[in-house]
Asks: 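Handing you a structure now.
Proteins come first, then strands; the chains are lettered A, B, ... in the order of their sequence lines, and each starts at number 1.
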2 protein chains.
Amino acid sequence: MTGNADQTIEDFVERLGLVTQADGLPRIAGRIMGLMVIYGGPFSFTDLAEKLQISRASVSTNTRLLESLGVIERTTVPGERQDYFKIRPHPYSPLMQGYVERMRRARDMVGSTQDELPEEFGEAHERLQDLNEFYETMIDSFEKVVEKWDAKSKRSSVEKPRQPAEEPA
Amino acid sequence: MTGNADQTIEDFVERLGLVTQADGLPRIAGRIMGLMVIYGGPFSFTDLAEKLQISRASVSTNTRLLESLGVIERTTVPGERQDYFKIRPHPYSPLMQGYVERMRRARDMVGSTQDELPEEFGEAHERLQDLNEFYETMIDSFEKVVEKWDAKSKRSSVEKPRQPAEEPA
DNA sequence: TTATACGTTCAGTCAAGACTGAACGTACTA
DNA sequence: TAGTACGTTCAGTCTTGACTGAACGTATAA
């Protein structure tokens with residue numbers, strides 16, 4: 001229940017890195033996400049490099065990735081030169097889009113095989129159609145989850161102002 | 001529409017390999033699956049090694065993997081020493097189980113972080129709960145797809161006996 | 001002007017894990 | 001018994017891509 005909070009947080013950040021790695025994203029992207037989930041942000045560019053002990057190059061690459069996915073957003077502070085990053089209000093469904101994209105490509109690939117394969121491959125056509133429909137079902141379902149999730153999270157949370165990130169001493 | 005069927009098939013097999021690689025499975029597993037989708041099977045152990053130009057070690061490893069996932073099944077022929085493999089009747093939903101498992105583990109990881117993190121991390125707890133529910137939603141939805149798919153494919157296909165695999169000359 | 005503080009890019013390093021060849025164990029065959 | 005035909009396992013190689021350090025371009029500050 002209590003234990004060492006820092007350790008808990010470090011474990012969480014590290015494990016979320018492993019999770020995103022299994023999802024085909026760089027581990028560091030997951031670790032940045034982890035920090036954001038715990039502290040919300042904003043974090044400065046330098047903060048991220050120091051807290052995660054990673055190079056500025058990695059911060060640049062991975063924040064841009066997460067930004068393009070819609071998971072975090074870049075902000076600036078008047079009179080400051082550094083970029084700041086904070087987690088977006090509904091950050092998870094954009095992650096799903098990656099899955100959907102991959103499945104769409106897979107389905108299209110199957111579709112073009114169906115088009116190209118001569119008709120005499122009867123059973124093959126049956127199985128290809130099966131595979132095609134499988135992807136179709138997956139895609140539909142994914143899209144429904146996203147819809148459902150977005151509706152839910154928009155209902156329950158009105159955007160709140162965030163404090164600058166700082167661990168409790 | 002017509003073109004070179006062999007080329008179409010080779011492309012399909014190769015691309016399915018890339019798809020499974022993106023899903024976190026070895027490329028060879030996908031190529032084996034691809035062959036099975038086109039020709040159905042059964043393929044002998046040696047067939048697979050020769051047709052895909054891969055080592056027997058890879059055949060062993062990857063057939064065992066696909067077998068454990070429930071995508072293919074190993075059969076034997078009376079009087080033959082070789083193992084044969086054919087695609088199972090409803091081979092795709094077992095693949096989904098891998099996704100579900102990963103998400104379950106992710107959710108559990110978030111859960112234990114919630115348990116361990118002191119209460120004073122108020123906003124962190126909110127966001128962790130959000131993440132937890134996200135995974136929960138995903139898991140539920142995935143399971144529904146699997147159910148739906150299994151019901152559908154069981155409805156439309158009664159298992160048929162297969163011919164031994166052989167490309168048309 | 002020069003100096004400094006950024007963020008980005010790119011060539012190179014490193015690590016993870018897919019894949020292979022070789023050695024092995026087992027079970028048939030003669 | 002020896003010989004052969006398997007499937008599996010394991011140490012080593014190789015490939016892919018994450019990650020880094022260094023160089024760069026830009027903007028601010030003095």
Asks: Report the residue from V146(A), L66(A), D23(A), L25(A) that forms a side-chain contact (heavy atoms from CB on, under 4.5 Å) with L95(A).
Replies: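 Exactly one option meets the side-chain contact (heavy atoms from CB on, under 4.5 Å) with L95(A), and it is L25(A).
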Asks: Between S44(A) and Q21(A), who's closer to the 5' end of DNA chain C by nearest nucleotide?
Replies: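 Nearest-nucleotide comparison on DNA chain C picks S44(A).
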Asks: At under 4.0 Å, does any side-chain N or O of S60(B) touch on OP1 or OP2 of dT8(D)?
Replies: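 For dT8(D), OP1 or OP2 has a side-chain N or O of S60(B) closer than 4.0 Å.
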Asks: Specify the separation, in whole Å, of atom CG of L52(B) and atom P of dA18(C).
Replies: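 Interatomic distance, CG of L52(B) to P of dA18(C): 17 Å.
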Asks: At under 4.0 Å, does any side-chain N or O of S58(A) touch on OP1 or OP2 of dT20(D)?
Replies: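 S58(A) to dT20(D) OP1/OP2: side-chain N or O found under 4.0 Å.
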Asks: Roughly, in whole Å, what's the span from CG in D83(B) to P in dT26(C)?
Replies: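 To the nearest whole Å, that distance equals 17 Å.
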Asks: Please answer: with hydrophobic residues joined when any side-chain heavy atoms are less than 4.5 Å apart, are L18(A) and L52(A) in the same cluster?
Replies: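 Different clusters.
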Asks: Rounded to the nearest angstrom, tell me the gap between atom CG in D23(B) and atom P in dG17(C).
Replies: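 It works out to 16 Å between those atoms.
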Asks: Taking atom P of dT9(D) as reference, at what distance in whole Å does atom CZ of F45(B) sit?
Replies: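 Roughly 11 Å, once rounded to whole Å.
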Asks: Verify, without hydrogens or angle tests, whether R74(B) (side chain) and E67(B) (backbone) share a donor-acceptor contact under 3.5 angstrom.
Replies: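 Not a single qualifying donor-acceptor pair exists.
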Asks: So, does R81(A) get its side chain near the phosphate of dT28(D), meaning an N or O under 4.0 Å from OP1 or OP2?
Replies: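 For R81(A), the contact criterion (side-chain N or O under 4.0 Å from OP1 or OP2 of dT28(D)) is not met.
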Asks: Would you call the rings of W149(A) and F134(B) parallel, tilted or perpendicular, where under 30° means parallel and over 60° means perpendicular?
Replies: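 W149(A) and F134(B): perpendicular rings.
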Asks: Grab the CZ-P distance between R31(B) and dT20(C) for me, whole Å please.
Replies: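 Rounded to the whole Å, the gap is 8 Å.
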Asks: Nearest-Å distance, CD (E50(A)) to C1' (dC6(C))?
Replies: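 So the CD-C1' distance, E50(A) to dC6(C), works out to 14 Å.
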Asks: dT9(D) phosphate, OP1 or OP2: any side-chain N/O from R56(B) under 4.0 angstrom?
Replies: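 False: R56(B) side-chain N/O out of range (4.0 Å or more) of dT9(D) OP1/OP2.
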Asks: Any side-chain N or O of S55(B) less than 4.0 Å from the OP1 or OP2 oxygen of dT20(C)?
Replies: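 Looking at the OP1 and OP2 atoms of dT20(C), one of them is under 4.0 Å from a side-chain N or O of S55(B).
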Asks: Return the 5'-most residue of the pair T63(B), L25(A) with respect to DNA chain D, ranking by each residue's nearest nucleotide.
Replies: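 Mapping each residue to its closest nucleotide by heavy atoms, the 5'-most match is T63(B).
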Asks: Using a distance-only criterion (donor-acceptor N/O pair, under 3.5 Å, no hydrogens), is the base of dA18(C) paired with the side chain of R27(B)?
Replies: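 There is none.
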Asks: Using whole Å, what does the distance between atom P of nucleotide dA18(D) and atom CG of L18(A) come to?
Replies: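 Checked: the CG to P distance equals 15 Å.
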Asks: N62(A) has an atom CG; how far is it from atom P of dG7(C), in whole Å?
Replies: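 Atom-to-atom, N62(A) to dG7(C), this comes out as 15 Å.
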Asks: Check the angle between the aromatic planes of F142(A) and F142(B) and answer parallel, tilted or perpendicular using the 30° and 60° thresholds.
Replies: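 The arrangement is perpendicular - the two ring planes meet at more than 60°.
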Asks: Where the side chain of A57(A) is concerned, which of dG21(C), dA18(C), dT9(C) is the nearest nucleotide?
Replies: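 The answer is dT9(C), which lies nearest to the side chain.
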